[in-house]
Amino acid sequence: MNASTPTTRLAAAGPALPEMLFEGSPLAAQLIAALRDFLHGELVDLARSHGIDHEHSPDKALLRQVWRRSHALGFYGMSLPPSMGGKELSVLDQVLIKEAIYATGSPFAPHVLGELSGPPRIGALVRKATPWQMEQFIAPVARADKAICFALTEAGAGSDAGALQTRATQDGDHYVLHGRKRFISGSPFADCAVLLASTAPEGAAEREISAFFVDLHAPGVEVVSGYKTMAGQSHTGDIVLDGARVPAAQLIGERGRGLALALGRITVNRLMHCPAMLGLAQVALRDARDYALERRQFGRSIAQFQAIQHMLADMATQWAAARALMVQTARAIDAGIDARAQASMSKLFCSEAAFGIADRAVQIHGGEGIVQGRRVEFLFRMLRMYRVLTGTSEIQRNTIARELLATPA
């Protein structure tokens with residue numbers, strides 16, 4: 001830890017875990033306290049009045065209300081550059097804030113910072129966007145006036161990101177786009193997309209991937225969201241492009257540099273999934289602990305059975321170990337270290353550990369744990385998904401091995 005960085009003691013959300021040393025900045029501690037008040041206060045009332053829970057997603061109108069309220073409170077856009085109202089937060093601060101948000105267990109956790117469709121999607125584009133693009137796309141997202149999604153994945157191009165079949169053919173001062181994007185988070189309630197497509201000539205041997213701002217309400221563009229993920233939510237959809245004409249002014253950066261743009265923040269992006277997993281794992285652990293204390297068998301609470309105690313002990317230990325790796329990786333990135341391997345280690349270990357915690361939480365709940373509608377059952381499904389999202393565990397292992405086996409300089 002940097003000796004110049006003040007430390008604060010901040011209790012983990014809920015009493016299920018021992019008090020931990022909070023190593024973020026005082027500003028991060030203040031923001032966490034304010035965000036908890038927001039999530040545990042007015043957003044609880046909002047969720048109750050609209051029937052929102054982990055199985056019932058808010059519609060776009062309600063989400064826009066949450067985004068604008070979060071913006072008014074100074075939370076929305078905190079990760080943006082200071083010139084756009086950001087807070088100059090370190091990666092470590094951002095990790096700790098996001099973990100605290102998810103640890104509240106709120107169904108609005110993915111939305112208060114616009115994680116699926118807001119400022120976190122555009123922060124890396126500020127340096128590449130033209131003044132016109134800033135005015136038309138970046139600034140409205142930062143103000144919570146528009147929502148945006150990131151569209152890379154296709155049915156045949158997931159881990160092999162360069163194998164895109166969506167094509168953008170130049171026609172004068174426009175590009176004509178054909179193709180279909182798959183599993184695009186935030187697309188059902190987005191207004192526009194940062195979309196990657198091949199601009200290579202037909203039959204060219206070399207790949208050429210370019211990035212565009214695409215208006216999702218334009219002719220030739222349709223968002224198809226008639227399916228749900230195993231988590232039961234409707235945050236994901238397909239973007240179908242059938243001759244959509246996109247002005248050349250909406251090309252982001254240089255032609256052919258779209259993949260580099262997408263992968264430029266992959267280290268940070270992979271790490272930033274970890275606090276969500278560990279926040280949700282905290283909720284699973286708290287729920288399991290509480291249920292073990294309440295559930296009685298053979299005249300006493302099942303928390304008094306050593307088998308249950310050992311499961312809870314293993315869950316807490318796995319969580320603490322995963323969190324330590326996440327925090328160490330955040331520190332490395334803040335120090336300017338190339339932390340590709342560490343970020344993949346964090347994504348791999350945190351996703352596997354968090355799912356293991358959810359699995360044991362279901363086991364502790366017994367029959368109640370497999371009933372749909374129970375939060376622990378939802379957490380099991382949600383945390384299973386994280387072993388696939390943003391690079392599967394196998395892809396993370398590939399990255400780690402490649403870094404380990406690289407020829408030393």
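These numbers come from a predicted model, not from an experiment. Below, each value reflects all heavy atoms present in this structure, side chains not excepted, and no hydrogens, waters or symmetry copies. We number each residue from 1, following the sequence as shown.
In this structure, the separation between CG on Asp37 and NE2 on His40 is 8.5 Å, given to the nearest 0.5 Å. Taken from CG in Leu379 to CG in Asp359, the straight-line distance is 12.5 Å, to the nearest 0.5 Å. Gln250 contributes atom CD, which lies 8.0 Å from atom NE2 of His174 (distance to the nearest 0.5 angstrom). How far SG of Cys274 is from NZ of Lys347: 7.5 Å, rounded to the nearest 0.5 Å. Taking OG of Ser185 as the reference point, atom CZ of Phe150 lies at 11.0 Å (rounded to 0.5 Å). Here the CG atom belonging to Leu216 is positioned 10.5 Å from the NZ atom belonging to Lys146, to the nearest 0.5 angstrom.
In this structure, Ser346 and Thr329 approach most closely via the heavy-atom pair OG-OG1, 2.8 Å. Of all non-hydrogen atoms in Met326 and Pro275, the two that sit nearest each other are SD-N, 3.5 Å. Closest non-hydrogen pair, Phe380 versus Ala358, comes out as CA-CB, 3.8 Å. The minimum heavy-atom distance linking Gly256 with Ser210 is given by the pair N-OG, 2.7 Å. For Cys350 against Met277, the heavy-atom pair with the smallest separation is C-SD, 3.7 Å. The minimum heavy-atom distance between Gly74 and Lys87, with the atom names listed, is O-CE, 3.2 Å.
Considering only heavy atoms from C-beta on, Arg257 stays 4.5 Å or farther from Lys128 through its side chain. The side-chain heavy atoms of Phe189 and Leu116, taken from C-beta on, include a pair separated by under 4.5 Å. Residues Leu177 and Leu195 are in side-chain contact: their nearest non-hydrogen atoms beyond the backbone lie under 4.5 Å apart. Residues Gln396 and Met345 fail the side-chain proximity criterion, which asks for heavy atoms closer than 4.5 Å. For the pair Arg68/Gln65, no side-chain contact is recorded, criterion being any heavy-atom separation below 4.5 Å from C-beta on. No side-chain heavy atom of Glu88 sits under 4.5 Å from any side-chain heavy atom of Leu27. Contact check for Arg121 versus Val194: no side-chain heavy atoms found under the 4.5 Å cut-off. A heavy-atom distance below 4.5 Å is found between the side chains of Val176 and His178.
Contact check on Lys181 versus Asp238 returns no salt bridge, with no Lys/Arg side-chain nitrogen under 4.0 Å from an Asp/Glu carboxylate oxygen. Residues Glu154 and Arg182 are not paired through a salt bridge, judged by the lack of any N-O separation under 4.0 Å between the basic side chain and the carboxylate. Between Asp338 and Arg340 there is a salt bridge, since at least one side-chain N of the basic residue sits less than 4.0 Å from a carboxylate O of the acidic one. Using a 4.0 Å cut-off between a side-chain N of Lys or Arg and a carboxylate O of Asp or Glu, Glu368 and Arg295 do not qualify as a salt bridge. For Arg381 and Glu55, the salt-bridge test passes: some basic side-chain N is under 4.0 Å from an acidic carboxylate O. Asp171 has a carboxylate O that lies under 4.0 Å from a charged side-chain N of Arg245, or vice versa, which qualifies the two as a salt bridge.
Side chain of His273 to backbone of Asn269: a donor-acceptor contact under 3.5 angstrom is found. At distances below 3.5 Å, at least one donor-acceptor pair connects side-chain atoms of Arg286 with backbone N or O atoms of Ala103. Counting only distance, with no hydrogens or angles, the side chain of Asp173 and the backbone of Pro247 share no donor-acceptor pair below 3.5 Å. The backbone N or O of Val112 sits nowhere less than 3.5 Å from a side-chain atom of Trp67 that would complete a donor-acceptor pair. Not one N or O on the side chain of Arg375 forms a donor-acceptor pair closer than 3.5 Å with the backbone of Asp287. No donor-acceptor pair under 3.5 Å is formed between the side chain of Arg270 and the backbone N or O of Gly391. Side-chain atoms of Gln133 come within 3.5 Å of backbone N or O of Ala249 as a donor-acceptor pair. The backbone N or O of Ala100 lies less than 3.5 Å from no partner atom in the side chain of Thr104, so there is not a single donor-acceptor pair. Judged by distance alone, with hydrogens and angles left aside, the side-chain atoms of Thr392 form no donor-acceptor pair with the main-chain N or O of Val388 at under 3.5 Å. At distances below 3.5 Å, not a single donor-acceptor pair connects side-chain atoms of Gln282 with backbone N or O atoms of Tyr102.
Counted by atom type alone, Gln170 and Arg255 present one or more donor-acceptor pairs between their side chains at under 3.5 Å. Thr229 and Thr236 share no donor-acceptor pair across their side chains, judged by distance under 3.5 Å alone. Under 3.5 Å, the side chains of Glu208 and Thr199 contain a donor-acceptor pair of N or O atoms.
Contacts of Asp191 classified as salt bridge (charged side-chain N to carboxylate O under 4.0 Å, His left out), with partners at least two apart in sequence or in another chain: Lys60, Arg64. Looking at residues two or more places apart in sequence or on another chain, you find no salt bridge (charged side-chain N to carboxylate O under 4.0 Å, His left out) involving Glu254. Remark: Ala28 pairs with Phe22, Ser25, Asp93, Ile97 by the side chain to side chain contact (heavy atoms under 4.5 Å, CB included) rule, at least two apart or across chains.
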Going through the distances and angles, do Ile52 and Leu46 end up as a side chain to side chain contact (heavy atoms under 4.5 Å, CB included)? CA-CA 8 Å; Ile52 304 302; Leu46 190 67; over 6 Å; no
Step-by-step side chain to side chain contact (heavy atoms under 4.5 Å, CB included) determination, Val221 to Ile239: CA-CA 7 Å; Val221 184; Ile239 299 176; 4.1 Å; yes
Start with the C-alpha distance between Met134 and Val126, add both sets of side-chain angles, then the distance that settles side chain to side chain contact (heavy atoms under 4.5 Å, CB included), and finish with yes or no. CA-CA 7 Å; Met134 289 288 293; Val126 172; 4.3 Å; yes
Apply side chain to side chain donor-acceptor pair (under 3.5 Å) to residues Glu352 and Ser393 and explain how you reach the verdict. CA-CA 8 Å; Glu352 300 285 342; Ser393 292; 2.7 Å; yes
Does the side chain to side chain contact (heavy atoms under 4.5 Å, CB included) test come out yes or no for Leu196 and Thr166, once each step is laid out? CA-CA 8 Å; Leu196 274 68; Thr166 298; over 6 Å; no
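Taking the ring centroids of Tyr386 and Phe355, they lie at or beyond the 6.0 Å cut-off.
Other residues, nucleotides and ligands contribute at most 12 non-hydrogen atoms within 6.0 Å of the CD1 atom of Ile370.
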